[in-house]
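By convention here, the first residue in the shown sequence is residue 1. All values below come from the heavy atoms of this structure, side chains included, with hydrogens, waters and symmetry mates left out. Predicted model only: the values in this text are computed from it and were never measured.
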Amino acid sequence: MFHWAERERKKLASDIHDSFLQDIIILKRKIEEIKLVTAKKQPELENRVAELEEEILDIMFNMRETCQELAPPLLSEMGLEQALQDLVEKFKLRSNSKLNIKIVESPNPLLNNDYKLVIYRIVQELLNNANKHAKATEVTILIQINDKNLKLSYQDNGVGTDLSLISTDRKKIGLVGMAGRVHSVGGHMKFNSEPNKGMIVQAEIPLK
């Protein structure tokens, strides 16, 4: 299921990029042509056309961001650390929370693409949850990798949650899926949280 889901993500990202995004790019070029004409013949429409062009640029940016989240190119091209750094930079742009993240690893950890993708998706979901739901002012993530296992610790000072409702709360469904990803590679994940007391997440994955 884990591999199937990732294949579907890649397919969806490719479909968005090759169809909708290309259509938007063509539309932007048409707007640019109209902008040249209106600037000469109908100056009063120039501002409105410029506004439309800005809206199209925003849509293009969001579509590219969506494609990268569905199938992160940096993960395969630059490695886990660079891909996580990209997530961190985007989180800082979208959130006012203070983020502390640290990766501690042995010189040559046995980390194949499956494990890298699982860690990337875990951090991605935790940061999304922190930004959209937790209302945290501080978030801390520690990733430790050695020859035997991989450990991830997460903590925030947000609104927390009632863990007895985590499987039925739509806002927390991503956390349930995240635990499933960890289990899919033989690991386990623990949540510790109460309303108004933040959240602690710990994951450990044995490296084979």
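A side-chain N or O of E204 and one of N149 form a donor-acceptor pair less than 3.5 Å apart. Side-chain contact annotation: E81 with Q85, donor-acceptor N/O pair under 3.5 Å absent.
The two residues A179 and M189 come nearest to each other via the heavy atoms CA-SD, 3.9 Å. Across every non-hydrogen atom of A130 and F91, the tightest pair is CB-CE1, 4.2 Å.
Taking CD from Q202 and CD from Q155, the interatomic distance works out to 9.0 Å, rounded to the nearest 0.5 Å. For the atom pair CD1 (I119) and CD1 (I145), the distance works out to 6.5 Å, reported to the nearest 0.5 Å. Atom NE2 of H183 and atom CD1 of I205 lie 10.5 Å apart (nearest 0.5 Å). Separation of atoms CZ (R121) and CG (L126) is listed at 13.5 Å; rounding is to 0.5 Å.
Between the side chain of N157 and the main chain of E138, a donor-acceptor pair closer than 3.5 Å is present. The main-chain N or O of S97 is never found under 3.5 Å from a side-chain atom of T137 such that the two would form a donor-acceptor pair.
Looking at heavy atoms from C-beta onward, L84 lies in side-chain contact with I143 at the 4.5 angstrom threshold.
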Check against side chain to side chain contact (heavy atoms under 4.5 Å, CB included), L127 and L99: CA-CA 9 Å; L127 292 182; L99 174 60; 4.0 Å; yes
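Counting non-hydrogen atoms of other residues, nucleotides and ligands closer than 6.0 Å to CZ of R94 gives a total above 12.
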